[in-house]
Amino acid sequence: MPSALQVLNASGTRHAAGAFARDVIRGLSRNPKSLPSKYFYDAEGSRLFQRITELDEYYLTRCEAEILETHAAEIVAAVLPGPLRLVELGAGDGQKTEILVRRLLDTGLRFEYVPIDICRQSVFDLAASFHCRFDGSLRVRGIVAEYFHGLASLGRASRRPSFVLYLGSSVGNFSHAEARQFFRRLRESLRPGDFVLVGFDLKKDLEILRRAYNDAEGVTRLFNLNLLERINRELSGEFDRGRFAHYGPYNLREACMESWLVSLENQEVPIHALGRSFSFRAWEGIHVECSHKYDLSQIESFASAAGFRVQKHFFDRRRWFADSLWQNV
Ligand code: AVJ
């Protein structure tokens, strides 16, 4: 296969600006106010998330890297003789993916790597760096799109079996109902025999969880505040970040870490591109994220409800995180 680098915009990104405006109006009109987590990831937000993954407190990324380092050979053996296409949903900087890519290449397999992400910058950087690193042996086709638009743009005609990576416990941002629907749609967009590897953060000591989302350096706080900054940048908002605090408690009922931005005073914030202002009472919160924590029975019920067969769960040595390998049967 010739070496190639391609970055495509799948349909669905064209109306992105309009969708952001609509979702901001909708979210800030709710009670309690909320903003969708997917808007964290503009260029600045993706950069801040990268910094989070390097924090001592944020164990998730290191646990998953350990899982992939330890079990790459077994994971690769389980998906052979395929795949001819390695798809990654929400690729980030690809550090963890590199481990699997090397293993797959070591088997002599020639395949295509397809990172799909809504952050244009992430896809460009990742596609370029993988293209350089594996020059000649890996075909890279980056797609800037929401996941299902990206998957649909791959085309159903191809005869290539796929291996889809959905790492990092990104699924944690979905409610359980949304996650069930997500996995069902994912299975519908795959062919029989295709594999998926899904990362899930596991339930654990609440103090470890609390620290992971309330780091001493305050990077998580900046990550959350970037959502308001993004409204300022893209919709001419007038949020003053000094007037909002970060609050990150664990919700036991839902088994998720919650992130809130809390208004420190009564305030009125104009968002000029929307032609209106939003008022905040002192101590009123904007809910910006849920990061769900799972146990194995939940993971297995997600898989079976969507029509996947669980091949195996892979763990780090502390069992803080799981990568679960499923096959579309
Ligand atoms: C990228 C969604 C997996 O929920 O742990 C990190 C995002 N938020 N710190 C997570 C995040 C605050 C992260 N995910």
ask   = Are Val219 and Tyr247 connected, step by step, through hydrophobic side chains (Ile, Leu, Val, Met, Phe, Trp, Tyr) whose heavy atoms are closer than 4.5 Å?
value = no

request  = Kindly assign one of parallel, tilted or perpendicular to the pair Tyr294 and Phe302, based on the angle between their ring planes and the thresholds 30° and 60°.
outcome  = perpendicular

task = Please state whether the rings of His71 and Phe314 are parallel, tilted or perpendicular, taking 30° and 60° as the class boundaries.
result = tilted

request  = Could I get the full list of side chain to side chain contact (heavy atoms under 4.5 Å, CB included) partners for Glu229, not counting sequence neighbours?
outcome  = Asn226, Asn232, Arg233, Arg241

Quick one: does [X]'s side chain get under 4.5 Å of [Y]'s, heavy atoms only?
X: Leu28; Y: Arg276; answer: no
X: Pro32; Y: Trp260; answer: yes
X: Ile231; Y: Leu35; answer: yes
X: Ser29; Y: Ile25; answer: yes
X: Ile286; Y: Phe244; answer: yes
X: Leu186; Y: Leu89; answer: yes
X: Phe163; Y: Ile75; answer: yes
X: Ser324; Y: Val310; answer: yes

Could you tell me whether [X] and [Y] have a side-chain N and a carboxylate O separated by less than 4.0 Å?
X: Asp201; Y: Lys204; answer: yes
X: Asp194; Y: Arg191; answer: no
X: Glu66; Y: Arg318; answer: no
X: Arg281; Y: Glu265; answer: no
X: Glu57; Y: Arg211; answer: no

Are [X] and [Y] near enough that their ring centres are under 6.0 Å apart?
X: Phe321; Y: Phe200; value: no
X: Trp320; Y: Tyr59; value: yes
X: Phe183; Y: Phe308; value: no

Identify the heavy atoms of [X] and [Y] that sit nearest to each other, and give their distance.
X: Cys119; Y: Ser46; answer: SG-OG, 3.3 Å
X: Cys290; Y: Glu258; answer: SG-CG, 4.3 Å
X: Leu105; Y: Arg110; answer: CD2-NH1, 3.7 Å
X: Gly45; Y: Asp42; answer: N-OD1, 2.8 Å
X: Ala78; Y: Leu325; answer: CB-CD2, 3.6 Å
X: Gly168; Y: Leu60; answer: O-CD2, 4.3 Å

Return yes if some donor-acceptor pair links the side-chain N/O of [X] with the main-chain N/O of [Y] below 3.5 Å, else return no.
X: Glu178; Y: Ser175; result: yes
X: Asp117; Y: Arg120; result: no
X: Asn214; Y: Gly248; result: yes
X: His292; Y: Phe174; result: yes
X: Ser170; Y: Leu167; result: yes
X: Arg62; Y: Leu55; result: yes
X: Arg230; Y: Tyr39; result: yes
X: Glu289; Y: Ser37; result: no
X: Arg85; Y: Val164; result: no

Could you measure the distance from the [atom1] atom of [X] to the [atom2] atom of [Y]? Nearest 0.5 Å is fine.
X: Gln327; Y: Phe195; atom1: CD; atom2: CZ; value: 3.5 Å
X: Asp316; Y: Asp323; atom1: CG; atom2: CG; value: 9.0 Å
X: Leu151; Y: Ser162; atom1: CG; atom2: OG; value: 8.5 Å
X: His246; Y: Leu225; atom1: NE2; atom2: CG; value: 9.0 Å
X: Arg139; Y: Leu86; atom1: CZ; atom2: CG; value: 14.5 Å
X: Ser153; Y: Ile116; atom1: OG; atom2: CD1; value: 6.5 Å

Does atom [atom1] of [X] have more than 12 heavy-atom neighbours, drawn from other residues, nucleotides or ligands, at distances under 6.0 Å?
X: Gln95; atom1: CD; value: no
X: Tyr250; atom1: OH; value: yes
X: Arg319; atom1: CZ; value: no

query = Mind checking what makes side chain to side chain donor-acceptor pair (under 3.5 Å) contact with Tyr166, not counting sequence neighbours?
reply = none

query = Could you go step by step and tell me if Lys312 and Glu74 meet the salt bridge (Lys or Arg N to Asp or Glu O under 4.0 Å) rule?
reply = CA-CA 10 Å; Lys312 189 164 180 178; Glu74 193 180 346; 2.5 Å; yes

Residues [X] and [Y]: side-chain donor-acceptor under 3.5 angstrom:
X: Arg103; Y: Thr107; result: no
X: Ser263; Y: Gln267; result: yes
X: Glu300; Y: His313; result: yes
X: Thr97; Y: Glu88; result: yes

request  = Cation-pi check, Arg47 to Phe49: give yes when NZ or CZ is under 6.0 Å from the six-membered ring centre and within 45° of the ring axis, no otherwise.
outcome  = no

task = Please confirm whether Lys33 makes a cation-pi placement over Phe280, using NZ or CZ under 6.0 Å from the six-membered ring centre and within 45° of the ring normal.
result = yes

task = Please step through side chain to side chain donor-acceptor pair (under 3.5 Å) for the pair Asp215 and Thr220, ending with a clear verdict.
result = CA-CA 6 Å; Asp215 61 290; Thr220 308; 2.5 Å; yes

key: Glu188/Arg185 under salt bridge (Lys or Arg N to Asp or Glu O under 4.0 Å): CA gap, chis, key distance, verdict   = CA-CA 5 Å; Glu188 282 162 8; Arg185 279 184 79 183; 6.0 Å; no

request  = Show your reasoning for whether side chain to side chain donor-acceptor pair (under 3.5 Å) applies to His272 and Glu238.
outcome  = CA-CA 8 Å; His272 298 290; Glu238 289 191 31; 2.5 Å; yes

request  = List the steps and the verdict of ring-ring contact (aromatic ring centres under 6.0 Å, His included) for Phe223 and Tyr41.
outcome  = CA-CA 9 Å; Phe223 176 70; Tyr41 303 96; 5.8 Å; yes

